[in-house]
**Q** 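Mind looking over this structure? Questions follow.
Labels below follow one simple rule: chain letters A, B, ... track the order of the sequence lines, proteins then strands, and each chain is numbered from 1.
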Protein chains: 2
Amino acid sequence: MPAMPSGTRARARAETSRAILDEAHRQLAEQGAAALSLRSVAREVGMVSSAVYRYVASRDELLTLLIVEAYDAVGERAEAARDTDAPPRDQWRAVWRAVRTWAREHPAEYALIYGSPVPGYAAPAETIPAAGRVGLVLAAIVAEHGDPGAGAGWPEVLRADVLPGLSPALAVPAVVAWTQLYGTVGFELFGQYENVVVDRDAYFDAVADAAATAVGLP
Amino acid sequence: MPAMPSGTRARARAETSRAILDEAHRQLAEQGAAALSLRSVAREVGMVSSAVYRYVASRDELLTLLIVEAYDAVGERAEAARDTDAPPRDQWRAVWRAVRTWAREHPAEYALIYGSPVPGYAAPAETIPAAGRVGLVLAAIVAEHGDPGAGAGWPEVLRADVLPGLSPALAVPAVVAWTQLYGTVGFELFGQYENVVVDRDAYFDAVADAAATAVGLP
DNA sequence: CAGCGAGCGAGAGCACTGCTCTCGCCATCG
DNA sequence: CGATGGCGAGAGCAGTGCTCTCGCTCGCTG
(Lines give C-alpha, C1' and ligand atoms only; values in the text may rest on other atoms or scores of the structure.)
Protein backbone atom coordinates (compact mmCIF):
# COMPACT_ATOMS: atom_id res chain seq x y z
CA MET A 1 0.00 0.00 0.00
CA PRO A 2 1.15 3.58 -0.64
CA ALA A 3 3.09 5.33 2.06
CA MET A 4 0.98 7.21 4.53
CA PRO A 5 3.26 9.39 6.62
CA SER A 6 1.00 9.40 9.60
CA GLY A 7 -2.72 9.54 9.49
CA THR A 8 -3.13 5.84 8.89
CA ARG A 9 -3.92 5.20 12.49
CA ALA A 10 -6.09 8.27 12.80
CA ARG A 11 -7.97 7.41 9.67
CA ALA A 12 -8.67 3.88 10.75
CA ARG A 13 -9.92 5.22 14.01
CA ALA A 14 -12.23 7.68 12.30
CA GLU A 15 -13.58 4.97 10.06
CA THR A 16 -14.26 2.62 12.92
CA SER A 17 -15.92 5.40 14.89
CA ARG A 18 -18.13 6.16 11.94
CA ALA A 19 -19.02 2.51 11.47
CA ILE A 20 -20.01 2.20 15.11
CA LEU A 21 -22.13 5.33 14.95
CA ASP A 22 -23.78 4.21 11.73
CA GLU A 23 -24.64 0.82 13.08
CA ALA A 24 -25.94 2.36 16.30
CA HIS A 25 -28.04 4.68 14.21
CA ARG A 26 -29.45 1.76 12.27
CA GLN A 27 -30.38 -0.15 15.40
CA LEU A 28 -31.91 2.93 16.97
CA ALA A 29 -34.08 3.48 13.92
CA GLU A 30 -35.10 -0.14 13.70
CA GLN A 31 -35.87 -1.06 17.26
CA GLY A 32 -35.72 2.08 19.33
CA ALA A 33 -33.36 3.33 21.97
CA ALA A 34 -34.27 0.73 24.56
CA ALA A 35 -33.15 -2.09 22.31
CA LEU A 36 -29.86 -0.50 21.39
CA SER A 37 -27.12 -2.76 22.64
CA LEU A 38 -23.45 -2.06 22.57
CA ARG A 39 -22.69 -5.73 22.17
CA SER A 40 -24.86 -6.14 19.12
CA VAL A 41 -23.41 -2.99 17.59
CA ALA A 42 -19.98 -4.50 18.12
CA ARG A 43 -21.08 -7.80 16.62
CA GLU A 44 -22.47 -6.13 13.53
CA VAL A 45 -19.42 -3.95 13.06
CA GLY A 46 -17.28 -7.05 13.34
CA MET A 47 -15.48 -6.63 16.57
CA VAL A 48 -15.74 -7.87 20.06
CA SER A 49 -17.70 -5.85 22.57
CA SER A 50 -14.75 -4.79 24.65
CA ALA A 51 -13.09 -3.23 21.63
CA VAL A 52 -15.96 -0.82 21.20
CA TYR A 53 -15.06 0.69 24.53
CA ARG A 54 -11.92 2.06 22.89
CA TYR A 55 -14.23 4.35 20.95
CA VAL A 56 -17.14 4.96 23.24
CA ALA A 57 -16.94 5.22 26.99
CA SER A 58 -20.32 3.71 27.70
CA ARG A 59 -23.71 2.96 26.27
CA ASP A 60 -24.92 6.28 27.60
CA GLU A 61 -22.21 8.13 25.74
CA LEU A 62 -23.23 6.37 22.57
CA LEU A 63 -26.78 7.56 23.13
CA THR A 64 -25.53 11.08 23.74
CA LEU A 65 -23.74 11.03 20.41
CA LEU A 66 -26.91 9.87 18.71
CA ILE A 67 -28.88 12.59 20.45
CA VAL A 68 -26.56 15.27 19.17
CA GLU A 69 -26.74 13.88 15.65
CA ALA A 70 -30.53 13.81 15.85
CA TYR A 71 -30.74 17.39 17.05
CA ASP A 72 -28.46 18.44 14.25
CA ALA A 73 -30.44 16.51 11.67
CA VAL A 74 -33.77 18.06 12.57
CA GLY A 75 -32.15 21.47 12.98
CA GLU A 76 -30.63 21.22 9.54
CA ARG A 77 -33.95 20.27 8.03
CA ALA A 78 -35.63 23.22 9.69
CA GLU A 79 -32.97 25.60 8.47
CA ALA A 80 -33.15 24.23 4.96
CA ALA A 81 -36.92 24.47 4.88
CA ARG A 82 -36.90 28.18 5.48
CA ASP A 83 -36.98 30.23 2.30
CA THR A 84 -36.21 33.75 3.44
CA ASP A 85 -37.72 35.18 0.27
CA ALA A 86 -41.10 33.60 0.91
CA PRO A 87 -43.91 35.32 2.82
CA PRO A 88 -43.42 35.03 6.59
CA ARG A 89 -46.34 32.71 7.11
CA ASP A 90 -45.07 30.39 4.42
CA GLN A 91 -41.66 30.32 6.04
CA TRP A 92 -43.26 29.53 9.34
CA ARG A 93 -45.42 26.75 7.97
CA ALA A 94 -42.51 25.27 6.03
CA VAL A 95 -40.38 25.02 9.15
CA TRP A 96 -43.19 23.48 11.16
CA ARG A 97 -43.86 20.97 8.43
CA ALA A 98 -40.19 20.15 8.12
CA VAL A 99 -39.98 19.26 11.79
CA ARG A 100 -43.09 17.12 11.60
CA THR A 101 -41.90 15.35 8.49
CA TRP A 102 -38.53 14.62 10.01
CA ALA A 103 -40.19 13.31 13.14
CA ARG A 104 -42.43 10.98 11.17
CA GLU A 105 -39.46 9.73 9.21
CA HIS A 106 -37.36 9.21 12.34
CA PRO A 107 -39.71 8.37 15.18
CA ALA A 108 -37.08 6.66 17.28
CA GLU A 109 -34.71 9.60 17.00
CA TYR A 110 -37.52 11.99 17.80
CA ALA A 111 -38.47 9.96 20.84
CA LEU A 112 -34.85 9.95 21.87
CA ILE A 113 -34.53 13.72 21.92
CA TYR A 114 -38.02 14.85 22.84
CA GLY A 115 -39.40 11.87 24.67
CA SER A 116 -38.57 10.98 28.22
CA PRO A 117 -34.88 11.06 29.02
CA VAL A 118 -33.68 7.54 28.43
CA PRO A 119 -31.73 6.14 31.36
CA GLY A 120 -31.45 8.29 34.45
CA TYR A 121 -31.94 11.43 32.35
CA ALA A 122 -29.74 14.52 32.69
CA ALA A 123 -29.04 15.70 29.16
CA PRO A 124 -25.29 16.29 28.91
CA ALA A 125 -24.01 19.76 28.22
CA GLU A 126 -22.72 18.91 24.75
CA THR A 127 -26.26 18.52 23.49
CA ILE A 128 -27.30 22.06 24.32
CA PRO A 129 -26.14 23.96 21.25
CA ALA A 130 -27.54 21.37 18.87
CA ALA A 131 -30.84 21.38 20.73
CA GLY A 132 -31.42 25.04 20.06
CA ARG A 133 -31.26 25.10 16.30
CA VAL A 134 -34.94 24.67 15.48
CA GLY A 135 -35.88 27.20 18.10
CA LEU A 136 -33.49 29.70 16.61
CA VAL A 137 -34.99 29.31 13.16
CA LEU A 138 -38.45 29.99 14.52
CA ALA A 139 -37.16 32.90 16.57
CA ALA A 140 -35.52 34.41 13.50
CA ILE A 141 -38.78 34.40 11.59
CA VAL A 142 -40.59 36.01 14.47
CA ALA A 143 -37.85 38.56 14.98
CA GLU A 144 -37.97 39.63 11.36
CA HIS A 145 -41.68 39.59 10.69
CA GLY A 146 -43.54 39.36 13.96
CA ASP A 147 -45.72 42.20 15.10
CA PRO A 148 -44.60 43.13 18.63
CA GLY A 149 -48.14 44.17 19.35
CA ALA A 150 -49.11 40.51 19.33
CA GLY A 151 -46.97 40.01 22.39
CA ALA A 152 -49.10 42.22 24.61
CA GLY A 153 -50.58 40.46 27.59
CA TRP A 154 -47.75 38.04 28.19
CA PRO A 155 -45.70 38.40 31.35
CA GLU A 156 -41.96 38.68 31.07
CA VAL A 157 -40.75 35.38 32.41
CA LEU A 158 -37.82 34.53 30.16
CA ARG A 159 -34.12 34.88 30.51
CA ALA A 160 -33.30 38.14 28.82
CA ASP A 161 -30.56 36.93 26.50
CA VAL A 162 -32.01 33.67 25.21
CA LEU A 163 -33.50 34.88 21.98
CA PRO A 164 -31.29 37.68 20.72
CA GLY A 165 -32.89 40.10 18.35
CA LEU A 166 -36.35 39.21 19.48
CA SER A 167 -38.44 41.87 21.14
CA PRO A 168 -39.12 40.80 24.73
CA ALA A 169 -42.84 41.05 24.11
CA LEU A 170 -42.68 38.43 21.39
CA ALA A 171 -40.22 36.15 23.10
CA VAL A 172 -42.83 34.50 25.31
CA PRO A 173 -45.34 33.68 22.57
CA ALA A 174 -42.41 32.42 20.52
CA VAL A 175 -41.48 29.98 23.27
CA VAL A 176 -45.12 28.98 23.54
CA ALA A 177 -45.22 28.32 19.81
CA TRP A 178 -42.02 26.31 20.00
CA THR A 179 -43.53 24.23 22.78
CA GLN A 180 -46.70 23.79 20.77
CA LEU A 181 -44.82 22.55 17.75
CA TYR A 182 -43.16 19.77 19.69
CA GLY A 183 -46.21 19.02 21.77
CA THR A 184 -48.30 18.53 18.66
CA VAL A 185 -45.72 16.45 16.85
CA GLY A 186 -45.15 14.36 19.96
CA PHE A 187 -48.84 13.70 20.53
CA GLU A 188 -49.27 12.61 16.96
CA LEU A 189 -46.18 10.42 17.02
CA PHE A 190 -46.86 8.77 20.33
CA GLY A 191 -50.40 7.86 19.45
CA GLN A 192 -52.32 10.31 21.61
CA TYR A 193 -54.36 11.46 18.61
CA GLU A 194 -55.39 7.94 17.76
CA ASN A 195 -59.16 7.92 17.39
CA VAL A 196 -59.26 11.64 18.04
CA VAL A 197 -57.76 13.59 15.19
CA VAL A 198 -58.72 12.23 11.80
CA ASP A 199 -57.14 14.61 9.33
CA ARG A 200 -53.72 15.03 10.86
CA ASP A 201 -52.27 17.13 8.05
CA ALA A 202 -55.04 19.69 8.20
CA TYR A 203 -54.96 19.70 11.97
CA PHE A 204 -51.25 20.31 12.05
CA ASP A 205 -51.40 23.11 9.51
CA ALA A 206 -54.19 24.74 11.47
CA VAL A 207 -52.16 24.65 14.67
CA ALA A 208 -49.17 26.09 12.84
CA ASP A 209 -51.30 28.86 11.47
CA ALA A 210 -52.77 29.72 14.83
CA ALA A 211 -49.27 29.84 16.28
CA ALA A 212 -48.18 32.13 13.48
CA THR A 213 -50.99 34.48 14.37
CA ALA A 214 -50.03 34.34 18.03
CA VAL A 215 -46.52 35.55 17.28
CA GLY A 216 -47.87 38.33 15.09
CA LEU A 217 -46.93 37.06 11.65
CA PRO A 218 -48.75 38.93 8.87
CA MET B 1 -56.13 -19.38 62.47
CA PRO B 2 -59.88 -18.79 62.21
CA ALA B 3 -61.76 -20.69 59.58
CA MET B 4 -61.90 -18.96 56.25
CA PRO B 5 -64.38 -20.84 54.07
CA SER B 6 -62.69 -19.82 50.87
CA GLY B 7 -61.21 -16.42 50.24
CA THR B 8 -57.97 -17.22 52.00
CA ARG B 9 -56.28 -18.04 48.77
CA ALA B 10 -57.86 -15.16 46.92
CA ARG B 11 -56.94 -12.73 49.64
CA ALA B 12 -53.34 -13.83 49.75
CA ARG B 13 -53.21 -13.41 46.03
CA ALA B 14 -54.64 -9.92 46.17
CA GLU B 15 -52.18 -8.92 48.86
CA THR B 16 -49.22 -10.26 46.95
CA SER B 17 -50.40 -8.52 43.81
CA ARG B 18 -50.67 -5.28 45.70
CA ALA B 19 -47.23 -5.71 47.23
CA ILE B 20 -45.70 -6.28 43.81
CA LEU B 21 -47.43 -3.26 42.35
CA ASP B 22 -46.42 -1.09 45.31
CA GLU B 23 -42.81 -2.09 45.10
CA ALA B 24 -42.80 -1.58 41.33
CA HIS B 25 -44.28 1.84 41.92
CA ARG B 26 -41.57 2.66 44.39
CA GLN B 27 -38.78 1.63 42.04
CA LEU B 28 -40.36 3.51 39.17
CA ALA B 29 -40.53 6.67 41.25
CA GLU B 30 -36.98 6.30 42.51
CA GLN B 31 -35.03 5.33 39.44
CA GLY B 32 -37.32 5.60 36.48
CA ALA B 33 -38.90 3.09 34.17
CA ALA B 34 -35.68 1.97 32.55
CA ALA B 35 -34.27 0.78 35.86
CA LEU B 36 -37.39 -1.10 36.88
CA SER B 37 -36.45 -4.74 37.15
CA LEU B 38 -38.78 -7.61 37.81
CA ARG B 39 -36.08 -9.45 39.65
CA SER B 40 -35.40 -6.67 42.07
CA VAL B 41 -39.10 -6.18 42.66
CA ALA B 42 -39.29 -9.86 43.51
CA ARG B 43 -36.28 -9.60 45.78
CA GLU B 44 -37.74 -6.70 47.68
CA VAL B 45 -41.14 -8.31 48.01
CA GLY B 46 -39.44 -11.38 49.36
CA MET B 47 -39.90 -13.95 46.70
CA VAL B 48 -37.94 -15.45 43.93
CA SER B 49 -38.20 -13.91 40.49
CA SER B 50 -40.01 -16.82 38.88
CA ALA B 51 -42.82 -16.56 41.42
CA VAL B 52 -43.62 -13.05 40.29
CA TYR B 53 -44.58 -14.46 36.94
CA ARG B 54 -47.58 -16.05 38.64
CA TYR B 55 -48.91 -12.53 39.05
CA VAL B 56 -47.57 -10.63 36.10
CA ALA B 57 -47.03 -12.06 32.65
CA SER B 58 -44.00 -9.99 31.79
CA ARG B 59 -42.12 -6.86 32.59
CA ASP B 60 -44.09 -5.07 29.91
CA GLU B 61 -47.36 -6.03 31.54
CA LEU B 62 -46.09 -4.66 34.82
CA LEU B 63 -45.32 -1.40 33.08
CA THR B 64 -48.79 -1.38 31.55
CA LEU B 65 -50.33 -1.75 34.99
CA LEU B 66 -48.24 1.15 36.23
CA ILE B 67 -49.27 3.21 33.23
CA VAL B 68 -52.94 2.66 33.96
CA GLU B 69 -52.45 3.57 37.61
CA ALA B 70 -50.60 6.71 36.61
CA TYR B 71 -53.30 7.78 34.18
CA ASP B 72 -55.88 7.21 36.85
CA ALA B 73 -53.90 9.12 39.44
CA VAL B 74 -53.49 12.22 37.31
CA GLY B 75 -57.06 11.93 36.09
CA GLU B 76 -58.34 11.78 39.63
CA ARG B 77 -56.33 14.82 40.59
CA ALA B 78 -57.70 16.73 37.66
CA GLU B 79 -61.25 15.77 38.51
CA ALA B 80 -60.80 16.68 42.14
CA ALA B 81 -59.27 20.03 41.27
CA ARG B 82 -62.34 21.15 39.39
CA ASP B 83 -64.78 23.10 41.53
CA THR B 84 -67.89 23.31 39.41
CA ASP B 85 -69.13 26.29 41.41
CA ALA B 86 -66.08 28.39 40.65
CA PRO B 87 -65.84 30.73 37.66
CA PRO B 88 -64.96 28.84 34.47
CA ARG B 89 -61.51 30.33 34.15
CA ASP B 90 -60.71 29.35 37.72
CA GLN B 91 -61.85 25.81 37.06
CA TRP B 92 -59.69 25.71 33.98
CA ARG B 93 -56.64 27.05 35.72
CA ALA B 94 -57.12 24.71 38.66
CA VAL B 95 -57.18 21.66 36.42
CA TRP B 96 -54.11 22.79 34.52
CA ARG B 97 -52.25 23.42 37.74
CA ALA B 98 -53.33 20.08 39.15
CA VAL B 99 -51.83 18.26 36.19
CA ARG B 100 -48.61 20.22 36.42
CA THR B 101 -48.35 19.67 40.15
CA TRP B 102 -48.92 15.96 39.80
CA ALA B 103 -46.32 15.79 37.06
CA ARG B 104 -43.72 17.56 39.18
CA GLU B 105 -44.46 15.25 42.07
CA HIS B 106 -44.28 12.14 39.90
CA PRO B 107 -41.84 12.84 37.10
CA ALA B 108 -41.10 9.20 36.39
CA GLU B 109 -44.79 8.33 36.12
CA TYR B 110 -45.35 11.33 33.91
CA ALA B 111 -42.49 10.31 31.68
CA LEU B 112 -43.92 6.83 31.55
CA ILE B 113 -47.28 7.92 30.23
CA TYR B 114 -46.42 11.00 28.21
CA GLY B 115 -42.84 10.42 27.29
CA SER B 116 -41.66 8.13 24.58
CA PRO B 117 -43.26 4.69 24.64
CA VAL B 118 -40.86 2.60 26.66
CA PRO B 119 -39.94 -0.64 24.87
CA GLY B 120 -41.26 -1.08 21.35
CA TYR B 121 -44.19 1.26 22.03
CA ALA B 122 -47.84 0.41 21.14
CA ALA B 123 -49.90 1.40 24.17
CA PRO B 124 -52.16 -1.53 25.03
CA ALA B 125 -55.90 -1.13 24.70
CA GLU B 126 -56.56 -1.31 28.42
CA THR B 127 -54.86 2.04 28.94
CA ILE B 128 -57.25 3.93 26.68
CA PRO B 129 -60.11 4.72 29.07
CA ALA B 130 -57.77 5.83 31.83
CA ALA B 131 -55.84 7.98 29.41
CA GLY B 132 -58.86 10.07 28.55
CA ARG B 133 -59.85 11.29 31.97
CA VAL B 134 -57.98 14.58 32.05
CA GLY B 135 -59.11 15.38 28.54
CA LEU B 136 -62.70 14.78 29.55
CA VAL B 137 -62.45 17.17 32.47
CA LEU B 138 -61.12 19.89 30.21
CA ALA B 139 -63.77 19.13 27.61
CA ALA B 140 -66.50 19.37 30.21
CA ILE B 141 -65.43 22.85 31.22
CA VAL B 142 -65.32 23.95 27.62
CA ALA B 143 -68.66 22.35 26.86
CA GLU B 144 -70.34 24.14 29.72
CA HIS B 145 -68.76 27.54 29.50
CA GLY B 146 -66.95 27.89 26.19
CA ASP B 147 -68.14 30.39 23.65
CA PRO B 148 -68.65 28.49 20.39
CA GLY B 149 -67.75 31.65 18.56
CA ALA B 150 -64.17 31.14 19.68
CA GLY B 151 -64.01 28.03 17.55
CA ALA B 152 -64.44 29.85 14.28
CA GLY B 153 -61.58 29.44 11.88
CA TRP B 154 -60.64 25.89 12.84
CA PRO B 155 -61.18 23.15 10.30
CA GLU B 156 -63.22 20.13 11.32
CA VAL B 157 -60.64 17.41 11.55
CA LEU B 158 -61.76 15.38 14.55
CA ARG B 159 -63.73 12.23 14.94
CA ALA B 160 -67.27 13.33 15.49
CA ASP B 161 -68.01 11.37 18.64
CA VAL B 162 -64.85 11.87 20.64
CA LEU B 163 -65.93 14.74 22.80
CA PRO B 164 -69.63 14.31 23.44
CA GLY B 165 -71.51 17.43 24.36
CA LEU B 166 -68.88 19.67 22.89
CA SER B 167 -69.82 21.83 19.96
CA PRO B 168 -67.78 20.75 16.94
CA ALA B 169 -66.45 24.25 16.57
CA LEU B 170 -64.87 24.13 20.01
CA ALA B 171 -63.65 20.57 19.82
CA VAL B 172 -60.54 21.41 17.83
CA PRO B 173 -59.31 24.26 20.03
CA ALA B 174 -60.03 22.01 23.01
CA VAL B 175 -57.74 19.34 21.60
CA VAL B 176 -55.15 21.99 20.89
CA ALA B 177 -55.37 23.18 24.48
CA TRP B 178 -55.08 19.63 25.76
CA THR B 179 -51.97 19.17 23.65
CA GLN B 180 -50.58 22.44 24.90
CA LEU B 181 -51.06 21.47 28.51
CA TYR B 182 -49.01 18.32 28.14
CA GLY B 183 -46.48 19.92 25.84
CA THR B 184 -45.81 22.65 28.35
CA VAL B 185 -45.60 20.33 31.32
CA GLY B 186 -43.38 17.95 29.38
CA PHE B 187 -40.99 20.66 28.26
CA GLU B 188 -40.66 21.92 31.80
CA LEU B 189 -40.19 18.46 33.23
CA PHE B 190 -37.70 17.23 30.66
CA GLY B 191 -35.50 20.26 31.00
CA GLN B 192 -36.22 22.01 27.73
CA TYR B 193 -36.94 25.26 29.56
CA GLU B 194 -33.64 25.17 31.37
CA ASN B 195 -31.99 28.54 30.87
CA VAL B 196 -34.98 29.75 28.92
CA VAL B 197 -37.98 30.21 31.14
CA VAL B 198 -37.14 31.75 34.47
CA ASP B 199 -40.48 32.15 36.21
CA ARG B 200 -42.07 28.81 35.46
CA ASP B 201 -45.17 29.36 37.56
CA ALA B 202 -46.06 32.62 35.89
CA TYR B 203 -45.25 31.19 32.48
CA PHE B 204 -47.48 28.20 33.03
CA ASP B 205 -50.39 30.28 34.27
CA ALA B 206 -50.05 32.57 31.29
CA VAL B 207 -50.19 29.64 28.89
CA ALA B 208 -53.21 28.25 30.70
CA ASP B 209 -54.92 31.59 30.47
CA ALA B 210 -54.22 31.96 26.77
CA ALA B 211 -55.61 28.49 26.22
CA ALA B 212 -58.73 29.40 28.18
CA THR B 213 -59.24 32.34 25.89
CA ALA B 214 -58.74 30.14 22.84
CA VAL B 215 -61.57 27.86 23.89
CA GLY B 216 -63.80 30.81 24.57
CA LEU B 217 -63.94 30.78 28.34
CA PRO B 218 -65.33 34.01 29.78
C1' DC C 1 17.35 2.27 11.28
C1' DA C 2 16.37 -0.13 15.52
C1' DG C 3 13.56 -0.17 19.47
C1' DC C 4 10.17 1.13 22.63
C1' DG C 5 5.65 2.76 23.93
C1' DA C 6 1.04 3.51 22.96
C1' DG C 7 -3.14 2.14 20.66
C1' DC C 8 -5.87 -1.59 19.64
C1' DG C 9 -8.52 -6.11 19.31
C1' DA C 10 -9.54 -10.44 21.55
C1' DG C 11 -10.94 -13.15 25.33
C1' DA C 12 -12.43 -14.26 29.87
C1' DG C 13 -15.09 -12.94 33.52
C1' DC C 14 -18.48 -10.54 36.90
C1' DA C 15 -22.91 -9.12 38.05
C1' DC C 16 -27.09 -8.38 36.35
C1' DT C 17 -31.42 -8.85 33.42
C1' DG C 18 -36.05 -11.33 31.38
C1' DC C 19 -38.07 -15.50 30.99
C1' DT C 20 -38.92 -20.83 31.08
C1' DC C 21 -39.34 -25.24 33.07
C1' DT C 22 -39.56 -28.52 36.53
C1' DC C 23 -40.28 -29.94 41.07
C1' DG C 24 -42.58 -30.49 45.37
C1' DC C 25 -45.96 -28.55 48.91
C1' DC C 26 -50.54 -27.69 50.52
C1' DA C 27 -55.08 -25.63 50.48
C1' DT C 28 -59.28 -26.22 48.32
C1' DC C 29 -63.10 -28.49 45.94
C1' DG C 30 -65.66 -32.61 44.67
C1' DC D 1 -60.75 -38.43 52.06
C1' DG D 2 -58.51 -37.94 47.88
C1' DA D 3 -57.40 -35.60 43.43
C1' DT D 4 -56.38 -31.07 41.41
C1' DG D 5 -54.65 -27.00 40.72
C1' DG D 6 -52.38 -22.77 42.51
C1' DC D 7 -48.10 -21.46 44.25
C1' DG D 8 -43.07 -20.69 45.63
C1' DA D 9 -38.37 -22.26 44.92
C1' DG D 10 -34.51 -23.48 42.21
C1' DA D 11 -31.85 -24.24 38.18
C1' DG D 12 -30.92 -22.80 33.79
C1' DC D 13 -30.63 -20.23 29.11
C1' DA D 14 -29.59 -16.32 26.52
C1' DG D 15 -28.55 -11.90 26.67
C1' DT D 16 -26.76 -7.32 28.65
C1' DG D 17 -23.03 -3.48 30.37
C1' DC D 18 -18.60 -3.10 31.78
C1' DT D 19 -13.67 -4.39 33.41
C1' DC D 20 -9.24 -6.38 33.14
C1' DT D 21 -5.50 -8.66 31.14
C1' DC D 22 -2.95 -10.20 27.37
C1' DG D 23 -0.38 -9.97 23.18
C1' DC D 24 0.22 -7.80 18.49
C1' DT D 25 1.66 -4.02 15.64
C1' DC D 26 1.89 0.49 14.13
C1' DG D 27 4.49 4.58 14.18
C1' DC D 28 7.13 8.05 16.67
C1' DT D 29 11.82 8.83 18.65
C1' DG D 30 16.78 8.23 19.84
**Q** Which whole-number value in Å describes the distance from B:Y55 OH to D:dA9 C1'?
**A**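 So the two atoms are 13 Å apart, to the nearest Å.
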**Q** In whole angstrom, give the distance that lies between atom CE of B:M47 and atom P of D:dG6.
**A**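 Taking CE of B:M47 and P of D:dG6, I get 16 Å after rounding.
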**Q** Rounded to whole Å, please give me the gap between CD in B:E44 and P in C:dC16.
**A**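 In whole Å, C:dC16 P and B:E44 CD are 13 Å from each other.
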**Q** Do side-chain atoms of A:W92 reach the backbone of A:A208 as a donor and acceptor pair under 3.5 angstrom?
**A**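 Answer holds: yes.
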**Q** Which residue pairs satisfy the ring pair (Phe, Tyr, Trp, His ring centres under 6.0 Å) criterion with at least one member in residues 40-74 of chain A, sequence neighbours excluded?
**A**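 Pairs touching residues 40-74 of chain A that pass the test: A:Y71-A:Y114.
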**Q** Between A:R11 (CZ) and D:dG27 (C1'), how many Å, whole number?
**A**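 So the CZ-C1' distance, A:R11 to D:dG27, works out to 16 Å.
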**Q** Could you write nucleotides 10-18 of chain D as a row of B, S and -, 5' to 3', where a protein heavy atom under 4.0 Å of any base atom gives B, of only sugar-phosphate atoms gives S, and otherwise -?
**A** B-B---BBB
**Q** Inspect the contact between B:E23 and B:R26 and indicate whether a charged nitrogen and a carboxylate oxygen are less than 4.0 angstrom apart.
**A**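 Yes.
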**Q** In whole Å, I'd like the distance from the CZ atom of A:R13 to the C1' atom of D:dG27.
**A**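 After rounding, the gap between these two atoms is 16 Å.
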**Q** A side-chain contact here means heavy atoms from C-beta on lying under 4.5 Å apart; do A:R93 and A:D205 qualify?
**A**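 Sidechains of A:D205 and A:R93: in contact.
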**Q** In whole angstrom, give the distance that lies between atom CG of B:L62 and atom C1' of C:dC19.
**A**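 After rounding, the gap between these two atoms is 14 Å.
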**Q** Quiz question: going by heavy-atom distance under 3.5 Å, is there a donor-acceptor pair between the base of D:dG6 and the side chain of B:R54?
**A**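 Such a pair does not exist between side chain and base.
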**Q** With respect to A:F204, which candidate in A:D199, A:L181, A:V197 satisfies the side chain to side chain contact (heavy atoms under 4.5 Å, CB included) definition?
**A**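 When side chain to side chain contact (heavy atoms under 4.5 Å, CB included) is applied between A:F204 and each of A:D199, A:L181, A:V197, only A:L181 qualifies.
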**Q** Test of understanding: with salt bridge (Lys or Arg N to Asp or Glu O under 4.0 Å), list the residues that count as partners of A:E61, not counting sequence neighbours.
**A**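 None.
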